[in-house]
Amino acid sequence: MSAVKHIGVLTSGGDAPGMNAAIRAVVRTALAGGIQVSGIMRGFSGLLEGEIEPMTARSVSNIVQLGGTILKTSRCKSFYEEPGREKGARMLRDAGIDCLVGIGGDGTFHGLDKLSHEHGVTVIGVPGTIDNDIAGTQFTIGFSTAANTALESIDKIRDTAASHDRIFFIEVMGRNCGALALEVGLAGGAEGILIPEVPADLERLSDVIREGRQRGKGSFIIVVAEGALEGGAAAAAAAVQERTGIRYRVSVLGHVQRGGSPTASDRTRGSRMGTAAVVAATEGKSGLMTGLRDGDIVLVPLEETWLGETFIDKSLLGVAEITAT
Ligand code: F6P
């Protein structure tokens, strides 16, 4: 006999490709186990407004290939405050929902954790963010697609950079985490990668460019994580021009990185973690996030997802440097 009878599922924070695969997995795994399931629209904001809709297996037909989230999403300020969460818990109770599965990132997990501690709601988190900045899991849903999307743009910029012998500073998303920049920087053959986890050494970057030019290198791609330094790619570029006298171009990739049809990896990760969330709830577990480590599903206490260290392999900076000489 399952510990839960009615699961509510929502997506919250920045959307990420593969969230739909996770929603589909939650809905169909729940229904297969005889558990009722409802979709909560627009994240915690929709919960507070009672935007709760019953879901059937057909509600999630033909969505596995779609970017974005069919449940829509939001960043909900009221949920940071206790009265907001009190209302959210009441809305869940009124709808007869006894377990909430939240697909999102750091903000989503804080909301879930508080709901569980303050109001005894059974909660399970599923990591969905392009930033890959969640501790306890090696992969978040959306990271793979965003990396491939950014890479496609970087490859295109390289064509024009090579044709004009130019230096491009390309800013990628990631909030305070350099995982996306590191991934696309290495994969895109960047001559420089700036990430928040390593203080930006613009003197050294200038030397790399000067020395590269002396060795006959014409063009350079410098990938800058948005959180690497104040002012992002534009600030890094200006500082390097001041030191080298070489002109540059800046390209901020922006929200294009959040869209598009999810890669196979994001679809399979979304499906696996969505199913695992329901299984955990049916086993009476709560206050946990489903994650992936070394290919296996793991369950991580929500608190550890923001207190622990994110998986980021800084040694890859060395690999990028040596392979881009
Ligand atoms: O967390 C995902 C993310 O895309 C970050 O990389 C970025 O800093 C932020 O969201 C942008 O937020 P918004 O879509 O609210 O501008």
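Each ligand, and each atom within it, is numbered from 1 in the order the structure gives. Along the sequence shown, residues are numbered consecutively beginning with 1.
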message: Please output the residues near ligand 1 using a strict heavy-atom distance under 4.0 Å, listed in chain and residue-number order.
response: Arg75, Thr129, Ile130, Asp131, Met173, Gly174, Arg175, Glu226, His255, Arg258

query: Just by distance, with hydrogens left out, do Ser219 and His164 show a side-chain donor and acceptor under 3.5 Å apart?
result: no

- prompt: Checking Arg293 side chain against Gly136 main chain: does a donor-acceptor pair fall under 3.5 Å?
  reply: yes

Side chain Thr29, main chain Val278, donor-acceptor under 3.5 Å: no

message: So, using ring pair (Phe, Tyr, Trp, His ring centres under 6.0 Å) as the criterion, who are the partners of Phe143 when residues are at least two apart?
response: none

- request: Check whether any side-chain heavy atom of Ile221 lies under 4.5 Å from a side-chain heavy atom of Ile170, and answer yes or no.
  value: yes

- request: Verify the distance criterion only: is there a donor paired with an acceptor across the side chains of Thr140 and Asn132 at less than 3.5 Å?
  value: yes

